[in-house]
Amino acid sequence: MFEFTDDQLALQAMVRQFAQEELAPNALDWDERKHFPVDVLHRAGELGMGAIYVDEEFGGSGLTRCDAAMIFEELAHADPTISAYISIHNMVTWMIDTYGDRQQRARWVPVLADMGVLSSYCLTEPGVGSDAAALTTRAVRDGDHYVINGTKQFISGAGVSGIYLVMVRTQDTGHAGISTIVVEEGTPGLSFGPEEKKMGWHAQPTRQVVFENVRVPVANRLGAEGAGFGIAMSGLNGGRLNIGACSIGGGQAALDKSVDYLKERTAFGGPLINQQSILFQLADMEIELVTARTLLWRAADALDRGADDAVKLCAIAKKVATDAGFTVANAAIQLHGGYGYLTEYGLEKIARDLRVHQILEGSNEIMRLIVGRIVAEE
Amino acid sequence: MKLIVLVKEVPDTYGDRKLNLETGLADRGASEAVLDEISERALEAALTYADANPGTEVVALAAAPAGSVSTVRKALGMGADRAIHVADEALAGADIVLTAQVLAAAIKRDGFDLVISGNVSTDGSGGMVPAAIAEYLEVPQLTGLSEIEITDSKVSGTRPIDGGAQRVSAQLPAVVSITEAFPDPRFPSFKGIMAAKKKPFETVSLADLGVRADDPEVARSIMLSIAEKPPREAGIKIVDDGEAGKDLADFLLKNRLA
Ligand SMILES: Cc1cc2nc3c(=O)[nH]c(=O)nc-3n(C[C@H](O)[C@H](O)[C@H](O)COP(=O)(O)OP(=O)(O)OC[C@H]3O[C@@H](n4cnc5c(N)ncnc54)[C@H](O)[C@@H]3O)c2cc1C
């Protein structure tokens, strides 16, 4: 479990080459221009990155969660924003493949797998974030259709995605009254808010998704009516690992840049890396990242095995990894002095991008809530 | 149609490339080993043809140390149908003629319609192996192509030369080598990588091919001495005091660079 197999090394070599050639040279430019590179995402999809841990039957790559963690880390080393978007897209593809019936899978998984069509995960609302079970977007049954009304907030990829996986209220029974429905782009009544201006993640759009009497066939519902909250949460277990891996990749890039820089930068009569306190700082960064990565692989392994403690381990790994990534990126800015604050050096972007990983896919406070509740029950 | 693509493992050009001064061999530990990019382009040319022509067989052929399996397997990940890996300790330090003799023997043993190779590897930079293979196989060779067209019975292409371009063609079977002008190679997909280990991978020795590395009848090149590349000297700095243009022109003329 702690040593990559030959297959994993070959996968890693390919993803690294793809990330370093297709993402890394453009990351700062996309960030500055707020450009969402759908063409590059499509190429990533053709290599299998749109459905990494999805069954092969309808076009998934059939890899493991451990493979996925390694893949997202490599992608994020080049650009955390793009890696994180691919992570969200994989979450949606996996949910449709796992909870959809054969028709739904045959219809949506192939186009999502090659990322010819992008997707969005729509849970959060303007008034409801952490307490997701309180969501209010409503789907009312009308014959063999649902009519959806409500607003989703902070939706990644919105406006560009072709498929929206929406958590809606079908009954007023708390989390037991939530269902999951696929809404396709172009459905009358579906519209989007303006692109949010934000701290990081500039290379992917975040918008409101607005539903005004949106009619979708009942056949677009995944799983049973009322099963939506469980579906949404099970998608997030993997999502948490992926976003954690994105943080580790970004943090590793920041550490690698720091080591190179401190060997070159001289002060007080020699390269800065010779200062012991700086060496200790680099050691702390490495310790944070290795700790997080080790834990993340353990959680990924637990999810692959369907272990009882998978939910807890995913929550722990998400918190540890996203905190580690941001801490390391922030420390890297400090180690670069004034240059760390300049956009050109790429470090402030990593810190801006990684900051949101502590907030989304369940905030790190919610991770503690999950772990605390499990501990109290045990 | 059966295409054999020559694929070579080389030290990554991004790393330090070193020679071992005692043995005269490339120091394989000094940098990461990768599939030569020109080999990947040759493979891309073969795969592009195979994509458009079902029933085409693409075989990757490498002469490389036994430890090079994962590099050779990358060719399978990209889409080659099977691989032949000639691995034999007697091949360490093989010269161009021996390398060509061995590869030609492997090609003949397997049978082929067309051999596709890069024109020159990024490590040895000899650029003679494809031509020598064609001689051993006694088939026509089209070297240094910037474009290729393959039909059932013929291969043709464009070969850039000083001040022009030649249109060349040959009947199959034949050997061609291609240049950097060919399209970028594809990445192996996840599926390709996972399928690669299930594809046939044959390892053969010199004995299997009936080739003797120390055949006294065959001339071999022998390396007599080896020296480290001299350190680079500092260049000349021309400061513009109004005469820089002239100084620059003088420099170029003096060094026959103009
Ligand atoms: C750039 C970006 C992209 C996003 N993409 C998506 C997306 O694609 N799809 C989607 O559905 N959502 C998305 N989100 C939404 C994100 O998941 C939420 O912002 C997050 O879940 C937090 O919800 P909230 O913002 O409503 O904060 P709130 O829930 O209002 O929380 C405010 C603060 O209180 C803390 N808090 C809340 N409850 C508790 C508690 N019980 N105990 C202790 N502390 C608590 C929180 O941790 C937080 O610090 C995105 C957000 C951003 C910023």
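Letters A, B, ... mirror the listed sequences (proteins, then strands); counts begin at 1.
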Query raised in the report: Measuring heavy-atom distances to chain B, does A:Leu9 have an atom under 4.5 Å in its side chain, in its backbone, in both, or in neither?
Result: neither

Requested in this report: Below 4.5 Å from any heavy atom of chain B, which atoms of A:Leu63 appear? Answer side chain, backbone, both or neither.
Outcome: side chain

Query raised in the report: What heavy-atom pair brings A:Asp7 and B:Ile193 nearest, and what distance separates the two atoms?
Result: O-CG2, 4.2 Å

Query raised in the report: Looking only at heavy atoms, which of residues 194-202 of chain B get nearer than 4.5 Å to chain A?
Result: B:Met194, B:Lys197

Query raised in the report: When only heavy atoms count and the cut-off is under 4.5 Å, which of residues 42-72 of chain B reach chain A?
Result: none

Query - Inter-residue atom distance A:Glu56.CD - B:Lys191.NZ, 0.5 Å rounding - result: 6.0 Å

Report summary line: Here the gap from A:Leu11 atom CG to B:Ser189 atom OG, rounded to the nearest 0.5 Å, amounts to 9.5 Å

Is it the case that more than 12 heavy atoms not belonging to [X] sit under 6.0 Å from its [atom1] atom?
| X | atom1 | answer |
| --- | --- | --- |
| B:Met1 | CE | yes |
| B:Asp152 | CG | no |
| B:Glu149 | CD | yes |

Requested in this report: Determine, stepwise, if the pair A:Val15 / B:Phe190 fulfils side-chain contact (heavy atoms from CB on, under 4.5 Å).
Outcome: CA-CA 9 Å; A:Val15 178; B:Phe190 290 160; 3.6 Å; yes

Query raised in the report: Which of residues 40-52 of chain A get closer than 4.5 angstrom to chain B, counting heavy atoms alone?
Result: A:Glu46, A:Leu47, A:Gly48, A:Met49, A:Ile52

Query raised in the report: How about residues 18-27 of chain A versus chain B: which residues have heavy atoms under 4.5 Å apart?
Result: A:Phe18, A:Glu21, A:Glu22

